[in-house]
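To start, the structure itself, in structure tokens.
Numbers here are sequence positions counted from 1.
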Amino acid sequence: MNYQFTSNLQQAQQLDQEDPLAKIRDHFYIQPGQIYMDGNSLGLASKEAETALLKMMNIWKTQGINMWDEYFHYGLELGAQCATLINAQANEVLITGSTTSNVHQCISTLYQPTAKRYKILVDDLNFPTDRYAIDSEIRLRGYNPEEAVKVIPSPDGKYIDEDAVIAGMSDDVALILLPTVLYRSAQVLDMERLTKAAHERGIIIGWDLCHAIGAITMDFQKIQPDFAIWCTYKYLAAGPGSIAGMYLNQKHFDKQPGLAGWWGNRDDTQFQLKQNFEHQKDVSGWQIGTPSMLSMAPLEGTLKLINSIGMEAIRTKSLKITAYLMYLIDEKLTQYGCKVGNPREDSKRGGHVCLEHPQGYQISLALKDRNVIPDFREPDVIRLAPIALYTSYEEVYQMVDILEDILKTKSYEKYSAKRGLVV
């Protein structure tokens with residue numbers, strides 16, 4: 001979209017006045033004097049999340065084990081609320097486990113190697129936990145990851161080449177796992193195109209939505225991937241380490257779960273406690289252990305808020321405010337060696353902006369000392385996420401002003417380049 005921006009404070013304030021989501025900011029616990037730009041790593045706490053968590057605590061306090069009468073299907077009920085964010089069938093989405101355990105569950109279920117078709121295709125830029133899980137699953141099947149994992153290298157170390165991915169869909173590939181939004185460069189892949197190409201070749205394909213869900217619009221009814229996994233603590237703001245999500249296309253419901261557990265057993269026989277597993281023939285059959293109610297409750301609160309707004313409105317604000325940030329970087333910071341390291345096209349850009357600078361790590365430390373919270377990714381990327389639900393345009397303007405001062409005075413030089421435990 002062709003936005004008309006200027007580099008003055010008055011426009012930032014005007015954009016806030018015109019922002020239809022401006023009042024949603026009041027639902028979140030924003031610390032006075034702090035500019036929070038790390039919602040793509042950990043979303044801020046909302047009042048709805050707090051209310052839902054305290055409600056669950058009270059239910060536990062007052063009802064004890066009787067709480068299961070109402071919350072036995074909580075993971076599936078929250079999954080149905082999450083399904084609206086990706087336009088999937090309600091019984092295809094489950095809130096359960098962690099991102100990595102859900103990767104294991106989906107791969108162990110859908111990866112059925114044969115002598116001819118046994119490779120798993122991946123890119124070399126995705127968040128590494130996906131690769132760790134895939135290598136592990138490959139070894140469990142008796143293969144060597146160096147031979148059975150087919151890596152499509154990035155041509156530039158920043159973006160995934162979709163044409164190269166399709167060209168790599170050879171007859172020996174059984175399964176593909178790719179990110180929808182790259183965590184470092186914010187590149188959005190064409191899920192529909194790549195899923196169609198995989199299916200035309202008889203290949204199972206799944207998607208990592210960790211940096212996509214709650215940030216971009218998706219239509220799984222149209223795309224029809226085989227599976228997807230995601231965390232809920234980023235754009236869904238369900239809390240640090242909150243329970244994760246999983247999508248399994250209903251065409252796979254008859255398959256046996258790769259990792260079976262009692263919570264995935266059929267409802268009508270679960271408490272008969274038989275020694276033979278009888279899995280529930282919807283996505284809830286892929287649950288493993290008893291779900292964590294206290295981890296799930298905050299997600300209920302944030303999903304209620306997000307669904308009341310709708311992903312179209314959230315995406316519209318996200319695209320505009322990230323475009324505004326890129327404009328200010330171009331206008332004010334390029335003279336100091338900064339550049340935008342993410343795609344600029346709306347359809348190719350996720351929910352965060354990648355500010356690249358050779359001293360990016362030290363600059364990120366200087367920002368934190370000025371009460372601006374970004375995060376850093378190797379080798380030189382400061383990720384800045386103006387979240388549609390709670391970031392104002394004036395905050396974006398103020399942050400760029402602070403960045404300009406840090407760069408102009410070179411105050412970042414007083415910080416060590418040695419990486420900390422959490423970079």
Side-chain angles (χ1 to χ4, degrees), residues 9-13 15-17 19 21-51 53 183 186 211 214-215 231-242 298 301-302 305-306 314 317-318 320-322 324-326 328-329 332-333 338 351-355 357 359-377 381-409 411-412 414-415 419-423:
L9 176 60
Q10 289 72 27
Q11 188 190 40
Q13 294 169 336
L15 288 169
D16 282 329
Q17 291 175 12
D19 178 14
L21 300 188
K23 292 188 179 300
I24 302 299
R25 175 181 170 89
D26 296 336
H27 292 252
F28 289 85
Y29 287 104
I30 297 167
Q31 300 307 301
Q34 183 182 85
I35 301 175
Y36 193 79
M37 289 285 168
D38 204 7
N40 59 318
S41 278
L42 179 64
L44 288 178
S46 68
K47 296 170 185 177
E48 284 79 2
E50 180 185 44
T51 298
L53 177 57
Y183 77 96
H211 283 82
C231 58
T232 62
Y233 46 79
K234 301 181 189 302
Y235 295 94
L236 299 187
S242 56
T302 55
L305 178 62
I306 290 170
I314 291 171
K317 162 83 179 281
S318 175
K320 187 171 183 178
I321 199 167
T322 52
Y324 180 60
L325 173 53
M326 290 189 295
L328 292 178
I329 290 171
K332 296 189 172 189
L333 305 182
C338 292
H352 65 276
V353 171
C354 302
L355 178 67
H357 190 281
Q359 280 73 49
Y361 179 68
Q362 293 157 283
I363 293 168
S364 70
L365 296 179
L367 280 171
K368 289 179 181 179
D369 273 355
R370 299 281 292 270
N371 226 7
V372 177
I373 311 299
D375 73 358
F376 175 81
R377 290 294 177 263
V381 178
I382 304 171
R383 297 193 305 176
L384 302 169
I387 302 299
L389 299 176
Y390 50 78
T391 305
S392 70
Y393 290 90
E394 185 168 355
E395 284 180 317
V396 171
Y397 183 90
Q398 291 170 344
M399 177 191 65
V400 172
D401 255 11
I402 292 169
L403 268 166
E404 185 175 20
D405 182 67
I406 289 169
L407 291 161
K408 184 185 297 184
T409 62
S411 61
Y412 60 83
K414 70 180 181 180
Y415 298 89
R419 305 306 193 242
L421 178 63
V422 181
V423 295

With [X] via side-chain hydrogen bond (donor to acceptor under 3.5 Å, both in side chains) - residues at least two apart:
| X | result |
| --- | --- |
| T322 | R349 |
| S242 | T232 |
| D16 | none |
| H27 | E48 |

Within this structure, what is the [atom1]-[atom2] distance for the pair [X] and [Y], rounded to the nearest 0.5 Å?
| X | Y | atom1 | atom2 | value |
| --- | --- | --- | --- | --- |
| I402 | L367 | CD1 | CG | 7.5 Å |
| L355 | M399 | CG | CE | 8.0 Å |
| K47 | T51 | NZ | OG1 | 9.5 Å |
| I363 | C338 | CD1 | SG | 5.5 Å |
| K317 | T391 | NZ | OG1 | 7.0 Å |
| F28 | Y36 | CZ | OH | 11.5 Å |

Who are the side chain to side chain contact (heavy atoms under 4.5 Å, CB included) partners of [X], not counting sequence neighbours?
| X | value |
| --- | --- |
| S411 | I406, T409 |
| N371 | Q34 |
| E50 | Y29, L54 |

> What do the steps show when you test I306 against L389 for side-chain contact (heavy atoms from CB on, under 4.5 Å), and what is the final call?
Replying inline: CA-CA 9 Å; I306 290 170; L389 299 176; 4.0 Å; yes
Heavy atoms only: give me the nearest [X]-[Y] pair and the separation to one decimal.
| X | Y | result |
| --- | --- | --- |
| A186 | C354 | N-SG, 4.2 Å |
| P386 | G351 | CD-O, 4.3 Å |
| S46 | T302 | OG-CG2, 3.5 Å |
| I314 | A388 | O-CB, 3.5 Å |
| Y361 | G420 | OH-N, 2.8 Å |
| L53 | P298 | CB-CG, 4.1 Å |

>> Do F376 and R419 have side chains that approach each other closer than 4.5 Å (heavy atoms only, starting at C-beta)?
In response: yes
> Taking only residues two or more places apart in sequence, or in another chain, which ones meet Y393 in a ring pair (Phe, Tyr, Trp, His ring centres under 6.0 Å)?
Replying inline: Y324
> Among all residues two or more places apart in sequence or in another chain, which pass the salt bridge (charged side-chain N to carboxylate O under 4.0 Å, His left out) test with D405?
Replying inline: R370
> Which residue pairs pass the salt bridge (Lys or Arg N to Asp or Glu O under 4.0 Å) test when at least one of the two sits in residues 27-37, sequence neighbours left out?
Replying inline: none
> Pairs in or reaching into residues 389-402: which pass salt bridge (Lys or Arg N to Asp or Glu O under 4.0 Å), with residues at least two apart or in two chains?
Replying inline: R25-E395, K332-D401
>> Over 60° means perpendicular and under 30° means parallel, so tell me whether H357 and Y412 are parallel, tilted or perpendicular.
In response: perpendicular
Can you give the donor-acceptor pairs under 3.5 Å from side chains of residues 37-45 to other protein atoms, not counting sequence neighbours?
unit_1	atom_1	unit_2	atom_2	d
D38	OD1	S41	OG	3.3
S41	OG	D375	OD2	2.7
S41	OG	R383	NH2	3.0

